[in-house]
Asks: 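Attaching a single structure in structure tokens format; questions to follow.
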Protein chains: 2
Amino acid sequence: MTQETGKRPNIYDVASAAGVSKSLVSLVLRGAPGVSAARRAAVEEAIVRLNYRPSRAAATLAGNRSRTIGVVLDDYRNLWFVGLLGGLHDELAPLGFRVAVADPSFNAHLDRTPVDGLMSLRVDGIVIATEPTEEMFAAVDVPAVVAGNRDLVVPGADIVANDDEAGGRLATEHLIGLGHREIGHVTGGGGAARLRAQGFEAAMREHGLSPDVAQGHGLTMEPDGYAGALKLLDRNPALTAIFAANDVMAMGVAAAARDRGRRVPEDLSLIGYDNSPLASANLLRLTTIDGRNGEVGAGAAKALLERMKEPDLPVQTKLVDPELVVRGSTAPPA
Amino acid sequence: MTQETGKRPNIYDVASAAGVSKSLVSLVLRGAPGVSAARRAAVEEAIVRLNYRPSRAAATLAGNRSRTIGVVLDDYRNLWFVGLLGGLHDELAPLGFRVAVADPSFNAHLDRTPVDGLMSLRVDGIVIATEPTEEMFAAVDVPAVVAGNRDLVVPGADIVANDDEAGGRLATEHLIGLGHREIGHVTGGGGAARLRAQGFEAAMREHGLSPDVAQGHGLTMEPDGYAGALKLLDRNPALTAIFAANDVMAMGVAAAARDRGRRVPEDLSLIGYDNSPLASANLLRLTTIDGRNGEVGAGAAKALLERMKEPDLPVQTKLVDPELVVRGSTAPPA
DNA sequence: ATGAAAGCGCTAACAT
DNA sequence: ATGTTAGCGCTTTCAT
């Protein structure tokens, strides 16, 4: 805690303390080139001495842009967004952009939708990392990209996502390659899960195998994985492998296997999706598909930047190739 | 996506569309009383018709306050912050405050510390939900509270936290009450873990038992729980119960138990801390301590609001009582 | 109950 | 390379 000075210093205070004009200070703040070293040093010294923090409100207002990209998130528990945010940040920070997160569940009341809140912030672009709703887009008039989901095609918004269908095939083919023939899939709600299931079914059929798909309560959380796997194991005891639509659900599958007396991987191979921190836990040592969310985030950032330059570019869909990560939960059938 | 109008509507546009003055629009925006119903309706209609979004930049600049509370977070993987954010939001939103999250790892480069970034936003208060560093506070000149951590006492900042030491006792006494005598504790780095360990040791000694504490690699993640539990089980095979410093570490402990041929809870009782989503997973069905992070968030919000009114109030420390949540991972010793 | 007018602290276009 | 100036879109007295 520093002294409670009567007033916060502003750019004028810094300018006069450094013996220069406000414009010079503004240039130094943005690290612009073409400022003499001496002046720059003087300004920086004054900034530190006065403990000056530029007002982003004033900068946004005057510049008519916030140098901020808004991200709409909805579920903090499925940790895929961490990589997304990282990729976004790595791509954007060097260009002077910040990332602001809006959460539909928080900050309700004040704004009708999280997008409204971001528009009030005058974000320069928006990344939708939820299942997008029509309503969200009514309000958007900046470049937008939908990340991680290909379900709802939004007019004017680019799409960047991990190729969930290819990932579903990859998982399935790993199991088939190991020698499994009786393979089940536990799926859930939402576009990503549906595409993963499609990849599973396609791969199975291409190999002349019959896919067995079960769903929990329609969501994609641990209890859904548990419930779906119980259905699968009970109706088809010959099953030697299960592909779960994500890692959290795979954890539920592992519990169901245990409760039915099946060891993983000896009696049942298990593969997840996401390569979340859960997958690397010693309790699971889960083979999984890495959707490379960092790449998705970076791709979303690039799409946004391009569209900021060229608003009328045709809408693009970029798919990131998923990767297989082999750990200890898959093995050849007994 | 709506029409690409040349310019965004501002408060003047709304005012003239509604046939009133800008001041009236401003009053309606803030839901102020003393505006005639007719005028209010006209303004609201114009807002909708023009798809007007007030500029938060301008509002912050003019009002010299952002109606935003900043939260500094550091690790998205230990999900305790979700409850914190929820409690903060529930308390603050009705009063018109937003919550902005700053993450030290993201948004580096642009601001020296996450606190700098929040100060640039002109937040009206700050919640530190990380291990605070001296450096952070050099820059703060708004009400601040440290949430969830009692380690570093920051001059001028209130503290709101779950009572980790009491929680440690609670966990330990649950095990002792079940009949366990040989009990180990897996701890990690940081203030919260240290207090939980203190609670463990105190409870053990009060019951005339000798505490056995192990540490992983000094962090508080799953591999640390795994490594610590292996140490414990290998050096003291008589152990019938382990208390892990948090749920993620407990998951590591569960893996170590399995790898040493111990079933939970038949051969080893296990209790965690946090009551995270992990604890309710079917694979663990983990008995745990609920730190009631929603209450911590609500308490932090209240502390901030009080200090905004009365900046010179003496610094307070509020402790939230933790609760035991019994699931299936603890049982009487064999 | 409503309106008029003065800033808030910056950026950017222009001038030098 | 540096200084001057005109807003950006609001909130907030102060009038009426």
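FYI, side chains are in, hydrogens and waters are out, and symmetry mates aren't considered; it's all heavy atoms of this structure. What you are looking at is a predicted structure, and each value in this text was computed from that prediction instead of being measured. Below, chains carry the letters A, B, ... as their sequence lines are ordered, and counting in each starts from 1.
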Asks: Judged by atom type as modelled, is there a donor-acceptor pair below 3.5 Å linking the side chain of B:D158 to the main-chain atoms of B:Q316?
Replies: yes
Asks: Starting from the 5' end of DNA chain C, give me the residue, B:G34 or A:S55, whose nearest nucleotide shows up first.
Replies: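 The 5'-side residue here is B:G34.
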Asks: How long is the line joining NZ of A:K22 and P of D:dT5, in whole Å?
Replies: 9 Å
Asks: When the nearest nucleotide of DNA chain D is assigned to B:V25 and to A:G19 on a heavy-atom basis, which residue is associated with the more 5' position?
Replies: A:G19
Asks: B:R307 side chain to B:P314 main-chain N or O, any donor-acceptor pair under 3.5 Å?
Replies: yes
Asks: How many Å lie between CZ on B:R53 and C1' on D:dC10, as a whole number?
Replies: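 Spelled out: CZ on B:R53 to C1' on D:dC10 is 17 Å.
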Asks: Working to the nearest 0.5 angstrom, can you tell me the gap between A:N162 CG and A:L84 CG?
Replies: 11.0 Å
Asks: Less than 4.0 angstrom between a side-chain N/O of A:R39 and OP1 or OP2 of D:dA1, yes or no?
Replies: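 Answer is no, no contact under 4.0 Å.
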Asks: Hey, where on DNA chain C does chain A first and last touch, going 5' to 3'? Cut-off is any atom under 4.0 Å from a heavy atom.
Replies: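 In short, chain A contacts DNA chain C from C:dG9 to C:dA12.
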Asks: Without decimals, in angstroms, what is the distance between A:L24 CG and D:dT5 P?
Replies: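 Roughly 16 Å, once rounded to whole Å.
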Asks: What's the closest nucleotide to the A:S23 side chain, out of D:dA1, D:dG9, D:dT5?
Replies: D:dT5
Asks: With side chains defined as the heavy atoms from C-beta onward, is the minimum distance between B:Y52 and B:V43 less than 4.5 Å?
Replies: no
Asks: Using whole Å, report how far OH of A:Y12 lies from P of D:dG3.
Replies: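 The answer, rounded to whole Å, is 14 Å.
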Asks: Of all the choices, D:dC10, D:dT5, D:dG9, which nucleotide is nearest to the side chain of A:L61 once you look at every atom?
Replies: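 Shortest atom-to-atom distance from the side chain points to D:dG9.
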Asks: How many whole angstroms separate atom CZ of B:R8 from atom C1' of D:dG9?
Replies: 12 Å
Asks: Rounded to whole Å, how long is the line connecting atom CZ of B:R65 with atom P of D:dG9?
Replies: 22 Å
Asks: With rounding to the nearest 0.5 angstrom, report the CG to OG1 distance, A:D124 to A:T68.
Replies: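 The OG1 atom of A:T68 is 6.5 Å from CG of A:D124, to the nearest 0.5 Å.
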Asks: Angle between ring planes, B:F81 versus A:Y76, binned at 30° and 60°: parallel, tilted or perpendicular?
Replies: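 Because their plane-to-plane angle is over 60°, the rings of B:F81 and A:Y76 count as perpendicular.
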Asks: Does either side chain, that of B:N51 or that of B:R53, offer a donor lying less than 3.5 Å from an acceptor on the other one?
Replies: yes
Asks: Could you tell me how far apart A:N64 (CG) and D:dG7 (C1') are, to the nearest whole angstrom?
Replies: 11 Å
